[in-house]
Q: 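Input: one structure, supplied below.
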Amino acid sequence: MLKEGSKAPAFSLPDQNGIIHTLDQYAGRKVILYFYPKDNTPGCSNQACGFSQLYPQFQEKDAAVIGISKDSVASHKKFEEKYGLPFPLLSDTELNCIKAYDVWKEKKTFGKTGMGIVRTTYLIDEQGIIIKAFEKVKAADNPAQMLELI
């Protein structure tokens, strides 16, 4: 996990509509950047829907919410449409951003060990500095936790 007070790594990734997003385009706003393992799984759906329900409050505070996983643009589109998600879901199939943010780790799932995304959320300030970092977050609690912080 990256340290609080460090510069957030730059990224350039497509969202669920194929539109490229960069960290630079969010300069001047707080950014909630959350990394999740997989579209349409219970925990990830719960977390995304939580951010969706609170999205108007994030907007009132001029904070951007961005989800990132290694799923494809097409998978993100289905996920967005299924739950009516109002924020960008970025596709990092090459794992460049995922690795830059140090969330690609060895995990145990159902007794098997393998590499995967550890659910992690970063709060990035208006100048691109990580001001809070949460590893192994609880999917259901994370959206309200982040809203309290901003």
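In this chain, residues are counted from 1 in sequence order.
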Q: Tell me which pairs pass side-chain hydrogen bond (donor to acceptor under 3.5 Å, both in side chains) where either residue lies in residues 24-33, with sequence neighbours left out.
A: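 Matches after skipping sequence neighbours: H21-Y26, R29-D62, K30-E126.
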Q: I need the minimum non-hydrogen distance between T93 and S72, along with the two atoms involved.
A: CG2-CA, 4.1 Å
Q: K38: what forms a salt bridge (charged side-chain N to carboxylate O under 4.0 Å, His left out) with it, not counting sequence neighbours?
A: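 Listed in chain order: D71.
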Q: How would you list, by chain and number, every residue that makes a side chain to side chain donor-acceptor pair (under 3.5 Å) with T120, sequence neighbours excluded?
A: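 If we apply the side chain to side chain donor-acceptor pair (under 3.5 Å) test to T120, skipping adjacent residues, there are no hits.
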Q: What residues form a side chain to side chain contact (heavy atoms under 4.5 Å, CB included) with S12, not counting sequence neighbours?
A: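 In terms of side chain to side chain contact (heavy atoms under 4.5 Å, CB included), with neighbours along the sequence ignored, S12 is linked to I20, T22.
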Q: Between D92 and C97 (side chain of the first, backbone of the second, donor and acceptor by atom type, cut-off under 3.5 Å), is there such a pair?
A: yes
Q: Who are the side chain to side chain contact (heavy atoms under 4.5 Å, CB included) partners of K138, not counting sequence neighbours?
A: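 Side chain to side chain contact (heavy atoms under 4.5 Å, CB included) list for K138, sorted by chain: D141.
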Q: Under 4.5 Å side-chain heavy-atom separation, chaining through any Ile, Leu, Val, Met, Phe, Trp or Tyr, what else clusters with V73? Say none if it is isolated.
A: none
Q: According to the salt bridge (charged side-chain N to carboxylate O under 4.0 Å, His left out) rule, which pairs have a member within residues 95-109, sequence neighbours left out?
A: D102-K105
Q: If you look only at pairs with a residue in residues 126-150, which of them pass as a ring pair (Phe, Tyr, Trp, His ring centres under 6.0 Å), with sequence neighbours excluded?
A: none
Q: Which residue pairs satisfy the side-chain hydrogen bond (donor to acceptor under 3.5 Å, both in side chains) criterion with at least one member in residues 73-85, sequence neighbours excluded?
A: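 Sorted pair list: Q16-E80, N17-K77, Y36-H76, D39-S75, D39-H76, S45-Y83, K77-E80.
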Q: So which heavy atom on P88 is nearest to which on V65, and how close?
A: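 Between these two residues, the closest heavy atoms are CD-O, 3.4 Å.
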Q: With sequence neighbours excluded, what pairs up with A139 under the side chain to side chain contact (heavy atoms under 4.5 Å, CB included) test?
A: Q47, R119
Q: Within the 4.5 Å heavy-atom criterion, are Y122 and V31 side-chain neighbours or not?
A: no
Q: With sequence neighbours left out, what residues match F35 under ring pair (Phe, Tyr, Trp, His ring centres under 6.0 Å)?
A: Y101
Q: In the hydrophobic clustering (ILVMFWY, side-chain contacts below 4.5 Å, transitive), which residues join I19, or is it alone?
A: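 Hydrophobic cluster check, I19: no partners found.
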Q: Side-chain contact, heavy-atom cut-off 4.5 Å: L33 with F11?
A: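 A side-chain contact exists here, since the closest heavy-atom pair is under 4.5 Å.
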